[in-house]
Structures are given as structure tokens and as C-alpha cells.
4 protein chains.
Amino acid sequence: MSRMVRPRFARLDPEQQQAILRAALDEFATRGYRDASLNRVIDAAGVSKGSMYYYFEGKADLYAHVARVELGRLFDELGPFPVPDTGPDAYWSALRDHYRDLVTALTASPQLLALVRGWLAASEDPALQQVQQELERPVLPWIEGALATGQRIGAVRTDLPSGLLVAVVVGMGRAMDVWLLTRPPDESSPPDLINALVDMMRRALAP
Amino acid sequence: MSRMVRPRFARLDPEQQQAILRAALDEFATRGYRDASLNRVIDAAGVSKGSMYYYFEGKADLYAHVARVELGRLFDELGPFPVPDTGPDAYWSALRDHYRDLVTALTASPQLLALVRGWLAASEDPALQQVQQELERPVLPWIEGALATGQRIGAVRTDLPSGLLVAVVVGMGRAMDVWLLTRPPDESSPPDLINALVDMMRRALAP
Amino acid sequence: MSRMVRPRFARLDPEQQQAILRAALDEFATRGYRDASLNRVIDAAGVSKGSMYYYFEGKADLYAHVARVELGRLFDELGPFPVPDTGPDAYWSALRDHYRDLVTALTASPQLLALVRGWLAASEDPALQQVQQELERPVLPWIEGALATGQRIGAVRTDLPSGLLVAVVVGMGRAMDVWLLTRPPDESSPPDLINALVDMMRRALAP
Amino acid sequence: MSRMVRPRFARLDPEQQQAILRAALDEFATRGYRDASLNRVIDAAGVSKGSMYYYFEGKADLYAHVARVELGRLFDELGPFPVPDTGPDAYWSALRDHYRDLVTALTASPQLLALVRGWLAASEDPALQQVQQELERPVLPWIEGALATGQRIGAVRTDLPSGLLVAVVVGMGRAMDVWLLTRPPDESSPPDLINALVDMMRRALAP
DNA sequence: TATGAATGAGCTTTCATTCAT
DNA sequence: TATGAATGAAAGCTCATTCAT
């Protein structure tokens, strides 16, 4: 139910693990969870149907694993958010840099971007609720931590529930995502966009 | 493909039109576009399958029509955004009131809320992309208009592409949606939340 | 749910109806309800899968229809149980004749026999309970009617609940079924067996 | 194929034997032979799949073993049918007592009851035929013995093949089973039912 | 205009069994 | 003795769409 990774899959030949994960990531990113077809994943990965169900408990379990692995890799690359002690300016500057890294990483992997977007979309499917909540674990705390740090050094307002601030940050981040995907590339340079967005975040969230 | 309304359906007995729209709205709101079943809509509406395909070109077309009608009704109820000439304070105050009306209307109709949420979730399905863009027509212009008005009277910054501003507004609005749905009701009064959110919007968007 | 016959199927070309019923009867009789495979029925009948599910709501529905038709045909052949007014001897004699006819009809159609046996076996499957109860309608009343007649003319005891008497009759009838199927045929002539069994019934049920 | 007990299993740690038997009995009683899943038994028993197939030849073999053990235990508890020499009345009285004990034992163990019922239901599955016949070995002889005793002391008729008498006894016994399970409990006291049933048996089987 | 019969591809999941180690 | 990885066949069922009438 909530095992981190099925030992059966972990014990599998890494090459085959990769094949399965690649195929699943591709499928989930391309079609979204609902439209993703286990059959296609199975075909693409070159695994037998029985084996797939031997490794994973089902569609949701496979999705959870893929998302967990990919998001984990993303946040490993980003590393922890550094805590500048020198004041709000340094804080927002560091946040901007960190955010830029995140955007860069996502831009480099459209599949990962699609996965994240699918994950951000609240799911009505009860079967996925549990998975979603589990996936929130690594991501939301990161944002919460960054906000808490900001509040500690006086860079972030404290008069609103932190959950609302988190939601606003996510929403504004998503805004840029939408904006970037709607526009044709190269029209406006991403760095400027990021600056603008973080600037707006600062205005909204500053005390 | 992209006709506004199929004349065939428009010519239909209004009572039957209502039956179909009600059934479709219920299905799409309850299950989402992907999981919605035309068969169920057909059964609930009491229409023949052939007729349904005579009125609409398919699932996407029906969805487009339902969304168009319902969103149109919503914005008709809200009416146009009044243009206060007396300055930024009046502008943001009016916007807050308008926003409150929107939230109230959505809260009053869970089906409509579900439809809007489904519509906000960016879809990867190529068949829906077209529909989504079409649906943006009534909504985004409203926001764009409101922003343009704000810019004219000096209440909204002009140093950023208006599309980005629109995206930010939508994202922050969605943030509150998420926030409201995540929290159990009655914990914090919606009016306060709306005030806080519009306040943050103002901070982000003010010149 | 409980429609007598799906109009869709009734409207079908009688030849195709026959093909489907034959295939289904064969499958259900040969394998029993649980092991019966809709796929096999579909293949044998030469129908598309979609059509089968268009005609019947599912496996249980098809089984209900087949059983209903076949049992109905059987009881139509047998006709009503005549009510002899001349006393217990005539009653039990008539019952014996009627019973002999029933056995003859069942012996002539092993498939029907298998179907009846499967139907007599109380099912644990909740999905079938409803079907079973529906199928009991024509059969049990027949037995109950015959017993009631016997009680009226003093040929059947009245000191026990009639439901128990029915159960005993069914159990003893099943006993002969088992006996007939276990032994190789021709060893003992069925008429004698029937006489013996009805005699035992009379002893058990007489006042 | 038909070895009484696989030595491999007999040599196993008794505690593990118990675990397997318990899990298998539970599964077979709950779901019936057809719907029983070896995988579930294996999980519940905590045995490896390979071991299970090392101990038993397959599903049917496991079922045969479980049924053999449980029925054996049941008849061991009941003990042999005492042979009263004092005449028919004592014989039928003893039989009634014995039958009451049997019903009591079955009522006390729903699992065992379910197993017996599943066993009584004639199976079409060729793979089970063999098992069923094998299981008849301990049960039918018991009944045959009781009947032979009755015939010897003049309590049971001798003008009919004993096999038919056995079938009738089983059928009538099953009748009560059906009757007891159909009715809500407590409506009529089981002791009375047993008296009535044995009375009917006596009428049918007496010379 | 209107109907509903027809369909095949597709879905997720379960299963008993084999076999190399 | 003991293990568990691997598997293919099979299951029941849903669906959007087409098309002859």
C-alpha cells in the first residue's frame, strides 16, 4: 500500500528498471494519468504483463513510483534552499536564483514538466488522492521551509496563514508555467520573466 | 468543428435542449472530461444516440457547448466590470467586490465550480486543446479588460506583458480555489480570504 | 435490472437469437455459471463482443435469460399438474406420472439437466442471488401448488411448514438425479426408480 | 495425483502445516473452490509460492487435503454410529441423536459448513470429479454403515438398492440444510426440525 | 430529422503454473 | 528443500463512433 519501493522491482536488473521507468514516464507525461495505458507502457518497456503486475500493484502504484523517483531526482539536483542571513534582499535574490534553477531543470525535461503539471492538478480520483498526498511530502515542505525562512529574517509577511502563502506561490509559479507554454519561445527571455515573477512574489509576500 | 452552436441543436425543442445540457453538465462536472461517458449522458437525457451525434460532433463538441453555455451564463450574471474613474483605491475595491461575486456564484454551484476547475487544468489531449482555447475566449478577455482598465487609470503596472499579468491573476485565483478546497470550511471566513488575496494581487500588480 | 427480456434481443433476427441461446446454454450447462466464459459464448455464437453487451447487461443477465427460456419451455411441455379429486391414491399416482414426464424431459436434454442442477445448487454469489430468486418463481410455486393440492385432498400432511416439505421434495428429487447420474444407465429401469422415489415421498409426506 | 498425504507436507513443521491449512480452509470456505485464489492462500499462510507447489501438486490437491483433514476431524468428533440391538425405535432414536450432533458441529463451524456445502454441490469440473469421489470415501461409508446396521436390525427397508437409500438420505439432509439457511434463525427451533426430518426419513426408509 | 443496432479496440486486473537457482 | 521471478492466457466489461434505415 504505502511501501516506498516494491523490493521486487528494486531487485530487478537496473537496465530493465530504466526501461520500465522510461516507458512509464513517457506515457504518463504524454497522456496524463487517466489516459495513460498500462498496455502501452508494457509494450514500450518490453515487459510481460504478468511481470508488470508483479513489480507494481497496479496503475496508481506505477505512477506513484515514477513520480516519486523523478521528483526526488529533481529536488536532489536543486539541493536545499540556502538560508541567507543578511536580509530580505539577499533572501529574495537567493530565491530567484533557486527558482531559476528549478525552471531551467523543468524546461530541460518536458516530460518532467508534464508530470509536475499533472501532479499539481488536483485529482478527483480517490485512488490517486493517497498517491498525491504522498508526493506532496517532498515538495510542499520545501516551499514551506523557504517561506518560513523568509518569515524568520523578515522577508515574508506573517499576517496570513502560511498555507495560503504556499498556495499563492504555487499558483504564481503555475502562472509562469502557463505563460511560458502559451507563448512561442524566444519572444521574451526567461530570465527576465523569472525576475518579473519573483518580483511580483516579493511584492505580494513582503511584510 | 468550431461553429459556435450547431444550428441543429439550436433548433431543437428547448425543453430537450435543457435535458441534454443538464445531463451533460452533471456528467462532466462529476467525472471530468476524460471519465465522462456519452452513453451515460444519453441515458440521463433520454435522447437517442443517433440524435446526440446529430446535434453534436462528438464528446469534445458537447463539452465545448456545455462549458460555453455555463460560463456564458456565469459572466452574464456577473455583468461587466464597472470602470471606476476615481483612482486606484476605487478600482481595487470594485475588483474585490466583483471577485467576491464570482466566488459566491461558483460556491453556489458545485457543478459549475467543477467545470471551471476542469477547464483550468491544462489538458494534454490535442482534441481538447482546441476546445480549451475556444473557451478562453469569454473568460480571458474579461480579465484582460479589467486589467486594461486598471492600467488606464494607473492602478495596474504597465511594465510587463499583459498576458503575464493575466496568467498571474488566474494563478493567484486558482491558489485561493485550492486553499478554499483544501481547508475545511468555516475555519476562516471567505470574505477575509478574498480581501487578503485581492490585497496580494494589488501588491503584485500595482505600478 | 429485472426486465423480463431485453427488447434489443427480442427484436433480433430469430436465427441469431437461437445461435446465441444455443451457445450460451451449451456453455452454462457444460461449465457451470462460474466457469462459463462470455468470450467462448461470443465466439461460438459468432457475435461481436459489443453486440453481446448490447443485448445483455452482462454474464448474469445472459444466464438469467437462458435459464428463464429453457425452464419456461420445460414447464410448458409438462403442462399444469392436474388436480385429482378422487383421493390420495389418485393424487400420488398423478404425481408419479407427472414426475416421470419431468424426468423423461430432463433425461432427453442433458444440457437442460445440467442447467437445472446448477440452478438448484444454492449460489453464494450475491450477483446471482437475485437471478436465482427470479428463476424460482416458476418452479417453486409449481411444487408448492402441487403440495397444497395434496394437503387439500388429504394426501399430504399439514403438521409441518410447507417450505420444509418443498425442500424435502426438492432434496429427494435431487437424490434421484444423483443416483441416476452416478449409476451407469440401463442397470435399473428408471420407471422403477421413479416408483420407488415417489413411494418414499408419499411415505414421508403422507399425513 | 491421489496420494493420501504428500510426505513432503507431512514432514513440515506442524506449526507451518497449521498455518497453511487454516489459510486454505478460510479461502475455500469463503470463496468456494472456483473463486479461491492460491495466491491469497499463500499470502495468508506466509509460505513461498514455490514451497506451496512443493507440498501440493496444485489447487485441487490442496483442496483435497484440506477437505480430507477437516471432514476427518468432523467424523472423529462424532465417533462411530452406535449399533443399538434393541430394535427400530432405539435405532432411529440413536440416529436422530447422531444427526443432531452432526448439525450442531456444522453449525458451530461456518467454515466447515461452507466446505461441506461446496462439496455436496456436484462439480462439473473434471479436475474436481476425482477429488470429490475421493472425499466421498469417509462420508458415504459412514452413511452406508448406518443404513446397513438399520437393515440388519429391521429398521430399514431392504427392497431398494442401498445406494438409492444413501442418496435419499443425503438429499433429505441437504433439504434441511437449505431450509435452515433460507429461514432466518430462531424462527423454528432446530431440534424440532431435526425431529421432523428424521421422522420423515424413518417413514421413507422403514420397511 | 431521428433512430438504435452494431462493433472492435481497448481497458485493468487475476490467475495457476513453471522453472532456474 | 526452498524460493520467488516470470509469464501468457484469460477474464468481464466500456466506449466513442459509424451507418443503414
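Computed over heavy atoms, backbone and side chain alike; hydrogens, waters and symmetry mates excluded. Computed from a predicted structure; not experimentally measured. Chain A is the first sequence line, chain B the second, and so forth, proteins listed ahead of strands; every chain is numbered from 1.
- Pair assignment for E:dT14: F:dA9, on the basis of Watson-Crick or G-U wobble contacts that are both within less than 3.5 Å.
- F:dG4 atom C1' lies 13 Å from atom CG of A:L12, rounded to whole Å.
- Contact check, C:Y55 against E:dA6: a side-chain N or O comes under 4.0 Å of OP1 or OP2.
- Distance, B:E57 CD to F:dT18 C1': 15 Å, rounded to whole Å.
- Distance B:L38 CG to E:dG4 P: 17 Å, rounded to the nearest Å.
- The two atoms that bring D:F28 and D:K59 nearest to each other are CZ-O, 4.1 Å, heavy atoms only.
- For the OP1/OP2 pair of E:dT14 and a distance below 4.0 Å, the side-chain nitrogens and oxygens of D:S37 include no atom meeting the criterion.
- Nearer to the 5' terminus of DNA chain E, by closest-nucleotide assignment, is the contact made by C:Q16 (compared with the other of C:Q16 and A:G50).
- Residues C:F9 and C:L21 are in side-chain contact: their nearest non-hydrogen atoms beyond the backbone lie under 4.5 Å apart.
- Taking atom CD1 on A:I42 and atom P on E:dT14, their separation rounds to 13 Å, with Å as the unit.
- Between B:M52 and B:V47, the shortest heavy-atom contact is N-CG1, 4.4 Å.
- Here C:N39 reaches the OP1 or OP2 of F:dA11: one of its side-chain N or O atoms lies under 4.0 Å away.
- Dashed line: the shortest gap from a side-chain N or O of B:R40 to OP1 or OP2 of F:dT14 is not under 4.0 Å.
- With hydrogens and angles left out, the side chain of A:K49 and the base of F:dT7 share no donor-acceptor pair within 3.5 Å.
- Look at C:S51 and you won't find any side-chain N or O under 4.0 angstrom from OP1 or OP2 of E:dA6.
- Proximity note for A:Y53 (side chain, C-beta onward) versus F:dG4, E:dA2, E:dT14: the nearest is E:dT14.
- Under the side chain to side chain contact (heavy atoms under 4.5 Å, CB included) test applied with D:Q18, the options D:R22, D:E15, D:Q16 reduce to a single match, D:R22.
- For E:dA2, the OP1/OP2 oxygens have no side-chain nitrogen or oxygen of B:Y54 closer than 4.0 Å.
- Between C:G58 and D:S48, the residue whose closest nucleotide on DNA chain F is further toward the 5' end is D:S48.
- For D:Y63 and E:dC15, the OH to C1' distance is 19 Å, given to the nearest whole Å.
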Practice problem: Starting from the C-alpha separation in whole Å, work towards a yes-or-no answer on side chain to side chain contact (heavy atoms under 4.5 Å, CB included) for C:E27 and C:L38. | Solution: CA-CA 9 Å; C:E27 178 73 9; C:L38 270 197; over 6 Å; no

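- With rounding to whole Å, D:F56 atom CZ is found 14 Å from E:dT17 atom P.
- Contact between A:A23 and A:V41 at its shortest, heavy atoms only, is CB-O, 3.8 Å.
- Here the P atom of nucleotide E:dA9 and the CG atom of A:D43 are 15 Å apart, to the nearest Å.
- Between the CZ atom of C:R34 and the C1' atom of E:dC15 there is a distance of 15 Å, given to the nearest Å.
- In this structure, D:A36 and B:V47 both approach DNA chain E, and ranking their closest nucleotides by distance from the 5' end singles out B:V47.
- For F:dA20, the paired base is E:dT3 (Watson-Crick or G-U wobble, both distances below 3.5 Å).
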